[in-house]
Amino acid sequence: MALDKKQIAQRIAQDLEHNTYVNLGIGIPTLVANYIPKGINVEFQSENGVLGMGPFPFEGEEDPDMINAGKQTITTLPGAVIFDSAISFAMIRGRHVQLTVLGAMEVSENGDISNWKIPGKMVKGMGGAMDLVASAENIIVAMMHTNRKGESKILKKCTLPITGVNCVKKVVTNLAVLEVTKNGFKLLERAPGISINEIKSATEADLIIEGEIPEMDV
Amino acid sequence: MINKAVNNIKEALLGVESNMTFMFGGFGLSGIPENAINALSKKDIFGLTCISNNAGIDDFGLGLLLQRKQIKKMISSYVGENAEFEKQMLSGELEVDLIPQGSLAERCRAGGAGIPAFFTPAGYGTEVSYGKEVREYNGKPHILETALIADFAFVKAWKGDTAGNLIFRGTARNFNPLMAMAGKITVAEVEELVPAGELDPNQIHTPGIFVQRIFKGEKYEKRIEQRTIIKR
């Protein structure tokens, strides 16, 4: 069975490292916070200016002065800190935030990512995505393997305007976990019950397949 | 102490004219200078260039200036959530310059800090880098981004004193301290204005030297864009 969005988030959460700072993008990445493994402590940074972000507030306790980068009302955890946008991006650009998880429209085999613009459609802007992908030490993309038309989002070369070059390290989709190596996409894991051939036929880019490919543990 | 307090919004906006460049603090609707925006939307000034991370929503924030077609150009990082914006952008009435959020913040900070330009990796290899100088540092390509300054910067703080010193609250801080630095005239509006000496100098976020005018906002609506909650 292909994974649902929650399971993609759950699989990414397994990659979280203890005592690290993490920035989660909007969409599937936000769900990662719900699946932090036991014994793992991570601090979430939101680029509008908060580190140590907590869950949504209880009804009646929402505060217009306390939001995340998705403009959602949030709370803070003990040890949290608030800062301005320049300091926030100093954390990001200066590589103090160790992991960025974000969504994408396309990823290419050299690690390019497209996720901000579809020509001819309304352009909303890149927000902090270009700063994040240009600098993060580790970038994991969370997305569906194919688009609504069933076309592969895992490509030899991105067709949409690029958000950043040579930056994605890993992609977790509803079908597979892929590592971006200097030789291209390497298939690391497959969704439970999904065959290598099914993954191959849903993927435009070439896949490096070495030995047994285990199923994801979700 | 140099007194920065003005008596009312009218005095605060003295000198604003058509075709000027304005900065507006805020992220989404959080920490936007509501009172200044409301007052500007009632003035007959047009052809404005507005630098703001977002462009408000249809009936609040910079959406009010868009409705009256006062804005000629927006410099922002993310402009969704606004149908009027989309209409004017697609029809070509509104010019839009989209820049990465971190570069936007740093360009404002640089403008206020006397740094004319800086190199950043953000946007390299994308259309943001078109026409910009590229230089390699530590084996990685960077693009040259220039500083931003504005004729007026409108910012919003939680508390301020008559010397113009500001304290922000929560994530309403965002772009406000940086834009405060980058305004030729910075107009700060606050929820609470106290006499100089009442704020602890250790707790001040934006020193009053960056602020030319300060006033207490008459009313704050503080709308929430995405109300996300947990049921008890």
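Just so you know, these numbers use all the heavy atoms, side chains as well, and skip hydrogens, waters and symmetry mates. Predicted model, so just to flag it, every value in this text is computed and none were measured. Naming convention: chains lettered A, B, ... in sequence-line order (proteins, then strands); numbering from 1 in each chain.
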Between A:K71 and B:F27, is NZ or CZ placed under 6.0 angstrom from the six-membered ring centre and within 45° of the ring axis?
-> yes
Ranking B:A55, B:S103, B:P141, B:G31 by heavy-atom pairs under 4.5 Å to chain A gives rank one to B:S103
Against chain A, work out which of B:S76, B:S77, B:G170, B:A122 has the most heavy-atom pairs shorter than 4.5 Å and name it.
-> B:S77
For the side chain of B:T126 and the backbone of A:I162, is there at least one donor-acceptor N/O pair under 3.5 Å apart?
-> no
Output yes when a side-chain donor or acceptor of B:S30 lies under 3.5 Å from a complementary backbone atom of A:P64, and no otherwise.
-> yes
Chain B contact via A:S88 - side chain, backbone, both or neither, heavy atoms under 4.5 Å = neither
I'd like to know which of [options] tops the heavy-atom pair count under 4.5 Å against chain B.
options	value
A:V165, A:I67, A:V50	A:I67
A:K117, A:M130, A:K124, A:E62	A:K124
A:G60, A:G164, A:A134	A:A134
A:G127, A:G125, A:G49	A:G127

Chain A heavy atoms under 4.5 Å from [X]: which part of the residue, side chain, backbone, both or neither?
X	answer
B:V128	side chain
B:I99	backbone
B:F85	side chain
B:R232	both
B:N54	side chain

State, yes or no, whether a side-chain contact exists between [X] and [Y] at a heavy-atom distance under 4.5 Å.
X	Y	value
B:N174	A:D84	no
A:F89	B:Q101	yes
B:N53	A:S85	no
A:F56	B:I230	yes

Stepwise side-chain contact (heavy atoms from CB on, under 4.5 Å) check, B:R173 with A:I82 = CA-CA 8 Å; B:R173 189 180 323 182; A:I82 303 284; 4.1 Å; yes
Is any NZ, NE, NH1 or NH2 atom of the basic residue among [X] and [Y] found under 4.0 Å from an Asp or Glu carboxylate oxygen of the other?
X	Y	value
B:R169	A:D65	yes
A:D63	B:K222	no
A:E59	B:R227	no

Where do A:D131 and B:P100 come nearest, in terms of heavy atoms and distance?
-> OD2-CB, 3.3 Å
Roughly how far, to the nearest 0.5 Å, is OG1 of B:T120 from CZ of A:R93?
-> 4.5 Å
